[in-house]
Amino acid sequence: MTAAQTENQRLLALREQHVPRGIATAHPIVVSHAQGSELWDVDGKRYLDFVGGIGVLNVGHNHPRVVEAVRRQVGEISHASFQVVAYASYIDVAARLNAMVGGGEAYKSVLFTSGAEAVENAIKIARGYTNRPAVISFRGGFHGRTLLGVTLTGMSQPYKQNFGPFPAEIYHATYPNEYRGVSSDDALAELDHLFATDVAPDRVAAILIEPVQGDGGFLRAPDAFLRALRERCTQHGIVLILDEIQAGFGRTGKLFGFQHAGIQPDLVTVAKSLAGGMPLSGVVGRAEIMDAPTPGAWVAPTAVTRWRVPQRWR
C-alpha cells in the first residue's frame with residue numbers, strides 16, 4: 001500500500017484482480033465490522049446501512065440473540081443433513097412457519113439455503129402436484145439468478161444477458177402499475193388474453209407473484225388484483241405461489257405481504273430475513289400440495305457426506 005492509498009483502495013484493487021466483474025458491488029466500500037444499522041469500513045469510516053443485505057437483516061447486524069443462537073448451534077452440531085438424520089430445530093422452524101402462513105389450516109414446510117432454491121422447488125412442487133408444465137410469472141418480477149430463476153424473472157438485462165437457452169413453458173403477464181397507467185383490470189384482461197392465446201389454464205401448474213416487486217421498482221400488487229388471482233387459480237386448479245422472499249417478515253407492515261389482501265396462497269417462498277443473515281430459505285404450503293413430491297425429490301446443496309480423505313490425497 002502506498003502512502004496515499006487507503007486500505008479500501010488497496011482491497012478494492014485486489015477485488016478487481018481476483019473477483020469476476022459479474023458480481024457487481026454497488027458501493028466502493030470494504031466493510032470491517034457492523035452493529036445494528038451501522039457499518040464501519042476498513043479505514044474506520046462509519047456508515048448507516050439502509051440496505052441490510054438487501055432485505056436480509058430485519059433485526060440489524062449482529063443481533064445478540066442471533067449471535068447467541070449461532071454460537072449455541074455450532075457448539076452442538078454444525079451439520080448433519082436432514083436427509084440423513086432429523087434434528088429438532090428443523091422441525092421447530094417448519095412448525096412455526098406453518099402456523100405463520102397457514103393459520104389453522106394444514107401446512108407443511110421444506111427448508112433450503114437460498115431464495116432462488118426456494119423458488120425453483122416451489123415450481124417443482126406445483127408441477128408435481130398438478131402434473132402440468134406451464135408457469136406464469138410477471139414482468140418486472142425478480143425470482144433469482146439460477147437458470148430457472150432468471151427465466152421466471154420478468155426483466156431481460158442484466159439478468160438474462162446471453163445465458164440462454166432458457167427453460168420452456170414459462171410465460172410472463174403484466175403486473176399492475178398505476179404509475180404507468182396499468183390498472184388491475186388491465187392486468188387481469190391481459191392475463192385472460194394470455195390464457196386464450198398462449199397457454200390454456202388447464203396447462204398451467206402455477207402462477208408466481210411478488211406481493212411487492214423489489215427489483216421491479218417497489219410496486220405493490222393491489223389487494224383486489226391478488227384476490228382476483230386467487231379466484232382464477234381456484235377456478236382453474238392452478239397453484240398460487242406468493243414469493244415473499246423480499247417482502248416477508250414484516251417489511252410491508254404485516255408479517256407477509258399477501259395478508260393485506262386477505263387471501264390464502266397455496267405456496268409461499270421465504271428466505272432473506274428468515275434467519276437474520278444466515279443462509280436459510282423455505283417453501284411453506286398446503287399439506288396436500290407439499291406432499292405431492294415423493295421421497296428423494298429434494299437434496300439440500302449444503303448436505304455434505306462425511307467421508308475419510310484417502311491417505312494418498314493427504
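Proximity of C233 to Q235: side-chain heavy atoms (C-beta onward) are nowhere separated by under 4.5 Å. Side-chain contact between T174 and F138 is absent, with no heavy-atom pair separated by less than 4.5 Å. Side-chain contact between V135 and R127: present, with at least one pair of heavy atoms (C-beta onward) separated by less than 4.5 Å. Between I136 and V204, the closest side-chain pair of non-hydrogen atoms falls below 4.5 Å.
By the salt bridge (charged side-chain N to carboxylate O under 4.0 Å, His left out) test, R21 pairs with no residue at all, sequence neighbours left out. Listed by chain and number, the residues in a salt bridge (charged side-chain N to carboxylate O under 4.0 Å, His left out) with R139 are E190 (sequence neighbours excluded). Applying the side chain to side chain donor-acceptor pair (under 3.5 Å) test to D202 and every residue at least two apart in sequence or in another chain returns nothing. Remark: H236 engages F195 in a ring-ring contact (aromatic ring centres under 6.0 Å, His included) (not counting sequence neighbours). The side chain to side chain donor-acceptor pair (under 3.5 Å) check on N62 picks up nothing, with sequence neighbours excluded. With sequence neighbours left out, the salt bridge (charged side-chain N to carboxylate O under 4.0 Å, His left out) criterion links D192 to R232. Residues meeting the side-chain contact (heavy atoms from CB on, under 4.5 Å) test with S109, sequence neighbours left out: A94, L97, N98, V284. In this structure, the ring-ring contact (aromatic ring centres under 6.0 Å, His included) partners of F82, at least two apart in sequence or on a different chain, are Y87, Y90.
Identified under the side chain to side chain donor-acceptor pair (under 3.5 Å) test for residues 151-167, with sequence neighbours left out: Y159-D215. For residues 65-77, no residue pair satisfies the side chain to side chain donor-acceptor pair (under 3.5 Å) rule, not counting sequence neighbours.
Counting non-hydrogen atoms of other residues, nucleotides and ligands closer than 6.0 Å to CZ of R227 gives a total above 12.
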Going by atom type alone, with no hydrogens or angles, which donor-acceptor pairs under 3.5 Å involve a side-chain atom of residues 259-277 and a protein atom two or more places apart or on another chain?
unit_1, atom_1, unit_2, atom_2, d
Q259, OE1, L255, N, 3.3
Q259, OE1, F256, N, 3.1
H260, NE2, T252, O, 3.1
H260, NE2, T252, OG1, 3.0
Q264, NE2, V101, O, 2.7
Q264, NE2, Y107, OH, 3.0
D266, OD1, R230, NH1, 3.3
D266, OD1, R286, NE, 2.7
D266, OD2, R230, NH1, 3.3
D266, OD2, R230, NH2, 3.0
D266, OD2, L240, N, 2.8
T269, OG1, D243, OD1, 3.2
K272, NZ, I54, O, 2.8
S273, OG, N58, ND2, 3.4

List, one per line, each side-chain donor-acceptor pair under 3.5 Å for residues 22-37, sequence neighbours excluded.
unit_1, atom_1, unit_2, atom_2, d
T25, OG1, R15, NE, 3.2
T25, OG1, R15, NH2, 3.0

